[in-house]
Amino acid sequence: MKYKDTLNLGKTKFPMRGSLPKTEPERQAKWYANDLYHERLTQNETKPHFNLHDGPPYANGNIHLGHALNKISKDIIVRYKNMTGFYAPYVPGWDTHGLPIEQQLTKAGHDRKSMPKYAWRNLARDFALEQVKKQRQDFKRLGVLADWDKPYITLQPEFEAAQIRVFGDMADKGYIFKGAKPVYWSWSSESALAEAEIEYHDIESTSLFYANRVKDGKGILDNNTYLIVWTTTPFTITASRGITLGPDFEYAVVQPANDDRKFVVAAGLLAESAERFGWNDYEVVATHLGKELDRITAQHPWDQNVEELVMNADHVTLDSGTGLVHTAPGFGEDDYNVGKAYGLPADVTVDAKGFMTSEAGPDLEGKFYDDVVDIVIDKLKRANLWMATEKITHSYPFDWRTKKPIIWRAVPQWFASVDQFRQDILDQIDQVNFYPEWGKKRLYNMIRDRGDWVISRQRVWGVPLPIFYAEDGTAILDRDIIEHIAQLFEKHGSNYWFEHSAQELLPEGYTNEHSPNGEFTKEEDIMDVWFDSGSSWNGVLNTRSELDYPADVYLEGSDQYRGWFNSSLITSVAVNGVAPYKNVISQGFTMDQNGNKMSKSLGNTISPLEVADKMGIEILRLWTVTVDTSADMPVSNDILKQVSESYRKIRNTLRFLLANTTDFNPETDSVAYDDLAAHDQYFYTLLNELVKDVRQAYDTYQFKAVFNRLINFINVDLSAFYLDIAKDVVYVEAPTGHVRRSMQTVFYKTLLDLVKLLLPILPHTAEEVWEYLPHENEAFAYLADMPEVENLTGAEELLARWHQFMKLRDSVNKALEQARVNELIGKNSEAALTLFVTDEQEALLNSLNADVRLILMTSQLHVYPANQAENATDYDGFLINVAHAKGAVSPRDRMYHEDLGADPAFPELSKHEAEIIREFYPEALEEGFE
RNA sequence: GGGCCUGUAGCUCAGUUGGUUAGAGCACUGUGUUGAUAACGCAGGGGUCACAGGUUCGAGUCCCGUCAGGCCCA
């Protein structure tokens, strides 16, 4: 017989290495084969609800790290909540309408103009659903457990109907109105363009300087004063309605010697203006700040009916021109904004094809906008207002498809008024909890400063605006009609709008006084996609029975303060007066190791699926809890490698615990807390603290605190301390004896608690361990509940005592290390330790009531009063002497003993070991040892 | 240009209401084990807390500015 056969060495088939890339997909297949998602929900049916509402990713393209972080974070929350007494469903969603999908179709060779709208939309729908399918496959590979078979998709008829109803309610409250706003307009394709459809080229333009005669100078400027403005788009002078100044810039009133008129230019641009306009000799007769000239008026260069208003805005610069900007609200975004603030109309004098309209005046009507420069100059010269003409080269937007330049042009748009209920929204923001807290400020400022919401888009792929027009052009926004449309969409989907005429869409027998002949037309614009996803509280939370409105949590990237957090809030407050969420969690963006953003051109991107294939998705999931998700997060292969080291540590520790509890049956072998050995009681208490801290961190969405606490516990408390001393107990002591069972009791609880606490983060690993726990009843670890925090009496004092003792242990380790350096000992068991203790230290040791020699892992320990110290070294207040242990080594426990052979039958073993052998391995008496 | 945010050891993070020699884990170096072994233990080196001012008896912590980086706007 071998001595080794009388030891209880750990035994498990749980592999040291996870082979994660291979085993994860197999494990996930098992989850779905057993419908683990619904299984857990069914188990929680009667529990309080916790509802995390998934923000819909856009159904286009491969998933990237941002997607992965988002879905994994949500999975962690949902899994945790389901394991802590909540019914927490997770319904994933997709955002499917919008321009990028239309662009994909174009790229694939489809021509939108060669087919009816409904046909184009069918192509878009098929494409979107294909993307949803692909992304869903990839999201599942992340280990995210959700209702993947029944996601919400914004193109689903029931979603579209719910969205129409949100619009209907807002219209009913008078929040929807029609206005005009400049958009990128391509005359060559006769349509509005999105930012993404524009490319910039350098072109040479004619820029004009001209003067505007002051009409009402408000007592500051007289009528012989002229405001000199600058424009690079001469045709827009036809729609010029104002002149914008920087409020804090200084403006000079100049009297040139060679002119009897006075002119106004920015003081900072006076010198170059003088040169440009040929003022060889001039005098500055006054200066005024822009804000002092506010609301002065000037005469339009040639249109006697137009009085231009002087306005102030911050977009004015002194980079070029004169510091006075001619303002045509119908032809520019800045112009529109400032004009709106001053109540000016957004007049448009160019038609859809780029030709001047009658409003441009008889000299220009019918001319192409780009051909009117000479006429405009001529008109200015005849009015004696022309000052200078220059050629400039600048970057100008072009239609990416026709390669022709575009213009800004106001077109009719539908708006949702934010002004009317802005204060309600702000009040609701105050009711919401934000993680991190600054999110409240950020969202608040955005809502406070934003303008009305332009909800119409001149595109095809989206939910139509359910608006009709009577014969005289009156828009019909009627609650009953909109509900009628919602019902049609619910049944047929929104393509119905494009497949049928206005008459067919209206309720049978509908009449309207504005349509004496009973004829109607329908709106052709669609809704902004943000209105789609912004309606999800109605399209999903109010539509699916397992969900609740408002939701407990929305969690997205910080770009969504402008996006989904924003649009959802507006529609929800507009309709119901409440925010759609109680908590908002926002996350930063993933950066490379140097803190720079990831981009394909820099080659610093990391694909989540590649990580899954090479290292396992558990590594990426673990990464998400090592970083501060409230700010930007660094990722690189080196960082992931570091994370995988942590994973290995976790895995190996679980493995050791498993290996040493295989012969332990918790039902029959457990030792009660009060009967545990002192060191086990201590560790039990430490574990309880861990559970407390980790649960609290989970409850407040502090995942990196979860990780830090767990990894420190595993490294410091478990691996370096408890498991290290454990080997002298668990391997050596009697297999069913009290000391061993005591420790195994704590091992087993540690193992179970760790597996559960880790599960939301590492579900694959947790489930793998679970397969090695035959005494647990749940078929999956995920069906178990989180460990509860116990109220252990006297825990605080116990921890304080041991905390003190650990300082002694540190000192002992240093002493032993010194002895090792001096080649007095090799391993700790070769040492005989002598402590010379103060009264206080002695009291501490006694109060522990513990086997101190065992915990310090030496073969022999002696304790004497400090005043008897001899050959002792002071290690941080502890007097310690290390000597070589006396006696000889037992081949079985490898410790030094002075009583080897006390039992003559076993000359190489100590008395204690001999007793264990006689009781548990009596065959050794016959066989002897090799 | 504006709103919001970030910047502590090579890496990822802690640093409570400003108060003793700034901490942890990983990595690194040395070393011990070889009964957690493509593992484990012990010890050690490593930081002018982005930079420059200011408030204070005292600042990683508060204030101002600069630089670098990020999200969203213009």
Side-chain angles (χ1 to χ4, degrees), chain A residues 2-4 7-12 14 16-17 246 313-317 319 333-334 337 436-446 448-450 557-563 565-566 586-598 622-623 625-628 630-636 638-649 651-660 704-705 707-716 719-721 723-728 730-732 809-810 812-821 823 825-830 857 892-894:
Chain A
K2 293 177 180 167
Y3 287 115
K4 204 166 175 174
L7 292 169
N8 320 293
L9 298 179
K11 208 191 304 180
T12 181
F14 183 85
M16 208 160 185
R17 304 172 77 198
D314 292 327
H315 69 263
V316 179
T317 68
D319 295 344
E333 175 117 71
D334 287 336
N337 289 333
E437 284 177 23
W438 52 254
K440 178 171 288 194
K441 205 181 346 174
R442 184 165 175 182
L443 189 56
Y444 188 96
N445 288 350
M446 272 182 181
R448 185 193 58 199
D449 297 337
R450 72 163 292 157
S558 60
D559 55 336
Q560 298 304 322
Y561 285 106
R562 174 49 83 186
F565 295 154
N566 204 295
S586 77
Q587 302 188 322
F589 281 67
T590 53
M591 302 292 142
D592 71 10
Q593 196 150 14
N594 302 317
N596 293 313
K597 80 200 288 183
M598 295 193 157
L622 193 57
W623 166 80
V625 297
T626 65
V627 290
D628 180 1
S630 73
D632 293 329
M633 294 147 279
V635 207
S636 67
D638 283 347
I639 290 173
L640 289 173
K641 206 176 139 200
Q642 179 183 324
V643 172
S644 68
E645 290 300 322
S646 292
Y647 175 81
R648 282 170 56 191
K649 183 69 188 182
R651 187 177 176 89
N652 258 308
T653 305
L654 294 173
R655 179 171 178 270
F656 185 85
L657 288 169
L658 264 182
N660 287 288
K704 79 179 171 190
F707 172 78
N708 270 326
R709 189 68 176 82
L710 280 169
I711 202 70
N712 270 295
F713 179 85
I714 286 170
N715 272 304
V716 180
S719 189
F721 171 65
L723 298 187
D724 209 31
I725 66 168
K727 293 168 217 169
D728 290 332
V730 165
Y731 293 169
V732 174
R809 183 171 175 270
D810 285 341
V812 167
N813 276 335
K814 280 177 190 155
L816 291 171
E817 186 63 23
Q818 191 55 49
R820 218 183 328 271
V821 170
E823 295 184 351
I825 60 166
K827 51 183 172 176
N828 288 7
S829 60
E830 288 172 35
M857 298 198 302
R892 184 173 170 278
D893 71 6
R894 295 179 175 170

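Convention: sequence-line order gives letters A, B, ...; per-chain numbering from 1. It should be emphasised that the depicted structure is a prediction, and the values quoted were computed from it without experimental measurement. We use all heavy atoms of the structure for the numbers below, so side chains are in, but hydrogens, waters and symmetry mates are not.
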Practice item. Between B/G45 and B/U6, how far apart are the P atoms? Round to whole Å, please. Key: 33 Å

Practice item. Answer with yes or no whether A/Q642 presents, from its side chain, a donor or acceptor under 3.5 Å of a partner atom in the base of B/C11. Key: yes

Check your understanding: The side chain of A/D724 lies closest to which of these nucleotides: B/C42, B/G41, B/G25?
Key -> B/G41

Review point. Do the side-chain N and O atoms of A/Y444 and A/R448 include a donor-acceptor pair separated by under 3.5 angstrom?
Key: no

Review point. Just checking A/P634: base, sugar-phosphate only, or nothing, at a heavy-atom cut-off of under 4.0 Å?
Key: sugar-phosphate

Practice item. Select base, sugar-phosphate, or nothing to describe what A/Q593 touches, counting heavy atoms under 4.0 Å on all strands. Key: sugar-phosphate

Point to revise | N/O donor-acceptor pair, side chain A/R442 with base B/C71, under 3.5 angstrom | key: yes

**Study point:** A/K727 vs B/A36: side-chain N/O to OP1/OP2 distance below 4.0 Å
**Key:** yes

Study note, to complete from the structure: Between A/L9 and A/M591, whichever has its closest RNA chain B nucleotide further toward 5' is A/L9

Review point. Are any of A/K597's side-chain N or O atoms less than 4.0 Å away from OP1 or OP2 of B/C71?
Key: yes

Check your understanding: Is the phosphate of B/U33, meaning OP1 or OP2, less than 4.0 Å from a side-chain N or O of A/N828?
Key -> no

Study note, to complete from the structure: Among B/U37, B/U34, B/C42, the one nearest any side-chain atom of A/A720 is B/C42

Review point. In whole angstrom, what separates A/D592's CG from B/U6's P?
Key: 20 Å

Exercise for review: Figure out the CG/P separation between A/N594 and B/G7, and round it to whole Å.
Suggested key: 17 Å

Check your understanding: So, A/E817 and A/R820, do they make that salt bridge, N to O below 4.0 Å?
Key -> yes

Check your understanding: Within the structure, does a side-chain N or O atom of A/K441 lie under 4.0 Å from either OP1 or OP2 of B/C72?
Key -> no

Check your understanding: Of the nucleotides B/C72, B/C13, B/U12, which one has an atom closest to the side chain of A/D559?
Key -> B/C72

**Study point:** Donor-acceptor pair (no angle test) under 3.5 Å: A/R820 side chain, B/A43 base
**Key:** no

**Study point:** Whole-Å distance separating the CG atom of A/L7 from the P atom of B/A36
**Key:** 11 Å

Check your understanding: Using the P atom in both, what is the distance from B/C67 to B/G10, to the nearest Å?
Key -> 25 Å

Check your understanding: Per the atom types in the model, does the base of B/A36 pair as donor or acceptor with the side chain of A/S719 at under 3.5 Å?
Key -> yes

Check your understanding: Would you say A/R450 reaches B/A74's phosphate, i.e. side-chain N/O to OP1/OP2 under 4.0 Å?
Key -> no

